[in-house]
Number of protein chains: 2
Amino acid sequence: MIAPALTKNQSLVFDVLNRSDAPMSAYTILDRLRDQGFRAPLQVYRALDKLLEFGLIHRLESLNAFVACSHAQSDCCSKGHGTVAFAICESCGHVSEFHDHAVDHRLGDWAKQKGFKPAKTTIEIRGLCSACAA
Amino acid sequence: MIAPALTKNQSLVFDVLNRSDAPMSAYTILDRLRDQGFRAPLQVYRALDKLLEFGLIHRLESLNAFVACSHAQSDCCSKGHGTVAFAICESCGHVSEFHDHAVDHRLGDWAKQKGFKPAKTTIEIRGLCSACAA
DNA sequence: TGACACACGTTATAGCATAACGCAATTGAT
DNA sequence: ATCAATTGCGTTATGCTATAACGTGTGTCA
Ligand SMILES: [Zn+2]
Ligand SMILES: [Zn+2]
Ligand SMILES: [Zn+2]
Ligand SMILES: [Zn+2]
């Protein structure tokens with residue numbers, strides 16, 4: 001999915017997420033955008049859906065929250081946006097997004113061996129970041 | 001966490017999950033147990049919390065649903081209940097729970113290298129099982 | 001006996017997500 | 001130019017997921 005120019009609502013939502021240093025729920029985003037004319041959850045969810053489709057943001061399933069993509073361009077097997085993993089600090093909220101080739105392949109091998117056809121893979125590690133664990 | 005004898009409510013909830021061949025939401029479990037006297041979500045959630053604590057069930061974060069543990073006893077590094085992964089069929093709902101030593105260690109290595117202290121790791125592969133993909 | 005822990009039941013509330021309707025702007029044929 | 005299809009947008013209403021707060025009963029252990 002190649003990203004066309006963002007609409008006004010999509011830009012507003014993306015900017016909010018991009019400036020945040022922690023994941024945000026749809027309703028928190030909504031509150032942050034009331035001043036820009038947002039009134040209803042759907043305005044946020046529709047923008048989030050598109051941003052997910054464009055690969056500009058990610059949904060953290062274990063938090064019901066969203067983060068801007070910080071996928072390093074240098075990642076190896078970037079045909080599109082390979083499987084990524086997230087390390088989520090439960091103290092400060094910081095999220096590290098990373099790609100691990102070995103993990104990706106290993107899970108892929110398991111799937112192939114079982115005849116399972118993966119569509120989307122979620123990997124989320126909850127814990128304490130180095131700063132908070134110290 | 002060693003599991004003591006289950007209370008009545010815990011047993012009822014566990015049995016429902018154990019008999020199901022697909023993940024169930026808390027509210028679906030509630031509906032299934034109305035005849036046994038369940039009236040409110042908390043009765044289910046409290047039982048689920050304990051069952052999770054005992055390691056008898058798992059929560060699937062990407063579905064907001066729960067499954068009975070089918071952790072094979074043969075799994076290698078079973079100090080307690082190591083990190084497991086789930087392959088979830090989006091067509092028939094079947095869930096395969098498995099442990100992959102290599103994946104577990106690989107993520108652990110990443111964490112160690114970054115100084116991140118993992119508390120709980122979620123790995124969920126959504127897709128089509130072999131039967132449904134055919 | 002009293003203090004505590006724990007399971008339980010109930011009511012109310014909070015938090016996350018989508019259905020369904022209608023309108024406006026864009027695009028791309030015909 | 002005009003029609004049809006697509007897409008985005010705004011609004012209202014609703015549904016699904018989860019927890020707060022309060023009180024009751026029961027068993028354990030000084
Ligand atoms: Zn990314
Ligand atoms: Zn932290
Ligand atoms: Zn298990
Ligand atoms: Zn299937």
Side-chain angles (χ1 to χ4, degrees), chain A residues 1-17 20 22-54 56-67 88 90 93 120 122 124 126, chain B residues 1-17 20 22-54 56-67 88 90 93 120 122 124 126:
Chain A
M1 175 60 57
I2 197 71
L6 298 183
T7 68
K8 179 153 173 279
N9 284 5
Q10 288 161 17
S11 289
L12 287 168
V13 169
F14 183 61
D15 283 356
V16 166
L17 278 178
S20 172
M24 297 181 73
S25 78
Y27 278 72
T28 304
I29 295 170
L30 173 58
D31 287 339
R32 200 64 61 88
L33 288 174
R34 297 238 181 237
D35 291 344
Q36 333 293 323
F38 275 52
R39 319 278 332 182
L42 259 196
Q43 296 176 276
V44 176
Y45 281 109
R46 289 206 270 234
L48 288 172
D49 284 346
K50 285 301 180 183
L51 294 171
L52 285 169
E53 197 179 321
F54 302 154
L56 293 175
I57 65 172
H58 297 285
R59 176 184 165 82
L60 299 178
E61 302 289 351
S62 68
L63 293 178
N64 293 332
F66 304 83
V67 284
I88 304 166
E90 298 187 301
K120 174 150 193 285
T122 297
E124 298 177 14
R126 307 269 302 257
Chain B
M1 175 61 54
I2 198 71
L6 298 183
T7 67
K8 179 153 175 279
N9 284 5
Q10 288 160 17
S11 290
L12 287 167
V13 169
F14 182 61
D15 283 356
V16 167
L17 278 178
S20 173
M24 297 182 73
S25 77
Y27 279 74
T28 304
I29 295 170
L30 173 59
D31 287 339
R32 201 66 59 88
L33 288 175
R34 297 239 180 237
D35 292 344
Q36 332 295 324
F38 275 51
R39 318 278 335 179
L42 258 197
Q43 297 177 273
V44 178
Y45 281 110
R46 289 205 269 233
L48 288 172
D49 284 346
K50 284 300 181 185
L51 294 171
L52 285 169
E53 199 179 318
F54 301 155
L56 294 175
I57 65 172
H58 296 286
R59 175 184 165 81
L60 299 178
E61 301 290 351
S62 68
L63 293 177
N64 293 332
F66 303 83
V67 284
I88 305 166
E90 299 188 299
K120 173 151 194 284
T122 297
E124 297 177 15
R126 309 269 303 258

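Worth knowing before you read on, the calculation uses all heavy atoms, side chains too, and leaves out hydrogens, waters and symmetry mates. Chain naming here is simple, since letters A, B, ... match the order of the sequence lines and numbering starts at 1 in each. All values derive from a computational prediction rather than experimental measurement.
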What nucleotide among [options] has an atom nearest to a side-chain atom of [X]?
X: A:S25; options: C:dC16, D:dT12, D:dA18; answer: C:dC16
X: B:Q10; options: D:dT19, C:dA17, C:dC8; answer: C:dC8
X: A:N9; options: D:dC9, C:dG9, C:dA7; answer: D:dC9
X: A:L42; options: C:dA17, C:dA19, D:dG10; answer: C:dA19

*Can you check whether A:F38 reaches A:L12 side chain to side chain, under 4.5 Å on heavy atoms?*
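Touching, per the 4.5 Å side-chain cut-off.
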_Heavy-atom side-chain proximity of A:Y27 to A:V44 below 4.5 angstrom_ =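 No - every pair of side-chain heavy atoms lies 4.5 Å or more apart.
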_Suppose we call a contact any N or O donor and acceptor under 3.5 Å apart; does that hold for the side chain of A:Y27 and the base of C:dA17?_
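Result: at least one qualifying N/O pair found.
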Expressed as a whole number of angstroms, how long is the span from [X]:[atom1] to [N]:[atom2]?
X: B:F66; N: D:dA18; atom1: CZ; atom2: C1'; value: 9 Å
X: A:Q36; N: D:dG10; atom1: CD; atom2: P; value: 12 Å
X: B:K8; N: D:dT26; atom1: NZ; atom2: P; value: 14 Å
X: B:L30; N: D:dC16; atom1: CG; atom2: P; value: 12 Å

*Between B:R46 and B:R59, which is nearer to the 5' end of DNA chain D once each is assigned its nearest nucleotide?*
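By nearest-heavy-atom nucleotide position, the 5'-most residue is B:R59.
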*side-chain contact (heavy atoms from CB on, under 4.5 Å) assessment of B:N9 paired with B:R46*: CA-CA 9 Å; B:N9 284 5; B:R46 289 205 269 233; over 6 Å; no
*Phosphate OP1/OP2 of D:dC9 contacted by A:Q43 side-chain N/O (<4.0 Å)*: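 No, because none of the side-chain N or O atoms of A:Q43 sits under 4.0 Å from OP1 or OP2 of D:dC9.
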*Taking only the side-chain nitrogens and oxygens of A:N64, find out if one of them lies under 4.0 Å from OP1 or OP2 of D:dT17.*
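Checking A:N64 against D:dT17: no side-chain N or O falls below 4.0 Å of OP1 or OP2.
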_B:R59 and B:E61: CA distance, side-chain angles, deciding distance, salt bridge (charged side-chain N to carboxylate O under 4.0 Å, His left out) verdict_ = CA-CA 6 Å; B:R59 175 184 165 81; B:E61 301 290 351; 3.0 Å; yes
